[in-house]
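Data first, discussion second: the structure below is written as structure tokens.
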Amino acid sequence: MSTSLAKTKRRLRSIEGTRKITKAMELIALAKLKKGLERIDGGRYFLLEFSKTLSLLQRMVRKKEGKEGPPAGGRLIIFLGSDLGLCGPYNVDLGKELLRNAREGDEVYPLGGHAESFVRKCGLRLANGLPPLGLSGKIEEAVTFLEAAFAAAKEGAYSEIGVVYSHYVNSLKNLPLYERIYPLPEPSGESLDGDGLLPELDEDPSALLDRLLLPYLSSLLAARIGESAIAECSARRTAMETANDNADELIQQLTVLYNKERQNAITQEIVEVVGGSNA
């Protein structure tokens, strides 16, 4: 076998082996994507309606206490990245969204190896002294983390808590977003009763808000972590599908090249045999 023929064959086998890996990664990402979608579909509507109620309570508290809005100061930004690569522009798009929203005085709490590496590379301030929060999306971790974050906010360390995450739109599109989770966004006028009037409650709205805020925001943070994981799986599935298509095309080209080289080698051997017999 000629050197050129052996080299083409080795390259062909290498690409075929790589394709098996990328195909397996695509199937794994697809399975995780389907499982994750079943988990979050029912919670989106609940969190949306819950947020409207809590936003109204927050407005009632501010009206009662005469507060116009949150104090000025730095923010705590929870940056949801990933630990793994091979997911196309997923981490790059999230990094761009973080840089668009970050300003001087903000502190960033990165989740995932790629997120932490990006924050350090860009020279952003890391949030220290907060409990560990992982990409598993466990509600217990979210409760403990937000309790400490709220305590720091009451002491004046943070005026706002937000999340940079990837919103899953469909299997082909993810949208990186910054979402303020605390203080709660103000509700639109159409969410109020009557002509923009606030409802009357038997219980003090401040006490009611304090009791409901932590469970709601913990569920919201866990949901955003879960949604980012789904978006990551979607991005990885798309990237691996593209890699498989490219591998198939390259394998086809190399197969044609290998067959041509093999035919040329056979023809050369026949010519040499015939030439030797005539001599």
Side-chain angles (χ1 to χ4, degrees), residues 1-41 79-100 110-119 121-122 135 137 164-177 225-273:
M1 183 180 295
S2 66
T3 304
S4 176
L5 190 60
K7 183 178 179 181
T8 302
K9 189 173 183 179
R10 284 196 302 270
R11 189 180 178 193
L12 186 59
R13 287 178 177 176
S14 175
I15 295 174
E16 288 174 344
T18 302
R19 188 190 179 284
K20 291 180 181 179
I21 296 174
T22 56
K23 185 63 177 179
M25 293 182 67
E26 178 189 353
L27 295 176
I28 293 172
L30 181 60
K32 289 183 177 180
L33 176 62
K34 291 181 178 179
K35 186 177 180 180
L37 287 175
E38 294 174 359
R39 246 187 350 256
I40 70 166
D41 281 344
F79 180 37
L80 305 182
S82 71
D83 279 324
L84 302 176
L86 299 177
C87 48
Y90 174 81
N91 288 294
V92 175
D93 291 343
L94 284 171
K96 291 179 180 178
E97 183 67 17
L98 175 64
L99 294 178
R100 274 195 296 267
L111 270 71
H114 284 270
E116 183 174 355
S117 175
F118 180 83
V119 171
K121 181 180 179 180
C122 295
L135 289 171
V164 172
Y165 74 103
S166 187
H167 172 63
Y168 175 80
V169 180
N170 53 50
S171 60
L172 298 177
K173 183 178 180 182
N174 300 314
L175 187 63
L177 294 175
I225 294 174
E227 187 169 358
S228 287
I230 292 171
E232 179 188 349
C233 290
S234 175
R236 182 170 291 109
R237 185 203 65 81
T238 302
M240 293 301 99
E241 183 180 22
T242 302
N244 290 334
D245 293 341
N246 292 337
D248 288 339
E249 182 179 353
L250 190 55
I251 287 173
Q252 184 177 4
Q253 294 175 357
L254 288 175
T255 300
V256 173
L257 178 62
Y258 176 80
N259 290 335
K260 286 183 178 179
E261 292 178 349
R262 182 170 176 271
Q263 185 64 44
N264 290 336
I266 294 173
T267 303
Q268 182 63 31
E269 290 180 0
I270 293 175
V271 170
E272 291 176 355
V273 170

I266 side, atom CD1; Q268 side, atom CD - distance, nearest 0.5 Å: 12.0 Å
How close do S166 and N174 get, heavy atom to heavy atom, and via which atoms? OG-CB, 3.4 Å
Close side-chain approach of I230 to K35, heavy-atom, < 4.5 Å: no
Does the side chain to side chain contact (heavy atoms under 4.5 Å, CB included) test come out yes or no for L84 and E232, once each step is laid out? CA-CA 9 Å; L84 302 176; E232 179 188 349; 4.2 Å; yes
Report the C-alpha separation of E26 and K23 in whole Å, then their side-chain angles, then the decisive distance to 0.1 Å, and conclude whether the side chain to side chain contact (heavy atoms under 4.5 Å, CB included) test is met. CA-CA 5 Å; E26 178 189 353; K23 185 63 177 179; 3.8 Å; yes
Please find the pair of heavy atoms, one from V164 and one from L94, that lie closest to each other, and give the distance. CG1-O, 3.9 Å
With rounding to the nearest 0.5 Å, note down the distance linking CD1 in I28 to CZ in R237. 14.0 Å
Evaluate R11 against K7 for side chain to side chain contact (heavy atoms under 4.5 Å, CB included), listing each step before the verdict. CA-CA 6 Å; R11 189 180 178 193; K7 183 178 179 181; 5.8 Å; no
Quick one: pull up CG in N259 and CG in N264 and give me the separation to the nearest 0.5 Å. 11.0 Å
For G113 and D83, the nearest pair of non-hydrogen atoms, with its separation, is N-OD1, 2.7 Å
Value rounded to 0.5 Å, distance of NZ in K20 from CD1 in I15: 13.5 Å
Minimal heavy-atom distance between L254 and T8, with the atoms involved, is O-CG2, 4.0 Å
Ignoring hydrogens and geometry, is there a side-chain-to-backbone donor-acceptor pair from E227 to Y168 under 3.5 Å? yes
Student check: side-chain heavy atoms of V119 and L98 closer than 4.5 Å: yes
Backbone N/O of G85 and side chain of R236: donor-acceptor pair under 3.5 Å: yes
Tell me whether Y90 contacts the main-chain N or O of S228 through its side chain, where contact means a donor paired with an acceptor under 3.5 Å. yes
Would you give the length of the straight line joining atom CD1 of I21 to atom CG of N244, rounded to the nearest 0.5 angstrom? 11.0 Å
With a 4.0 Å cut-off on N to O distance, would you call E16 and R19 a salt bridge? no
Interatomic spacing from CG in N170 to CG in L37 - rounded to 0.5 Å: 10.5 Å
Hey, are the side chains of F79 and L111 touching, using non-hydrogen atoms and a 4.5 Å cut-off? no
Closest approach of A239 and G88, non-hydrogen atoms and distance? CB-N, 3.8 Å
Quick check: does any side chain N or O of T242 sit under 3.5 Å from a backbone N or O of T238, one acting as donor and the other as acceptor? yes
Do you know the tightest heavy-atom contact between K32 and C233? CB-SG, 3.6 Å
Could you check Q252 against D248 for side chain to side chain contact (heavy atoms under 4.5 Å, CB included), going step by step and ending with a plain yes or no? CA-CA 6 Å; Q252 184 177 4; D248 288 339; over 6 Å; no
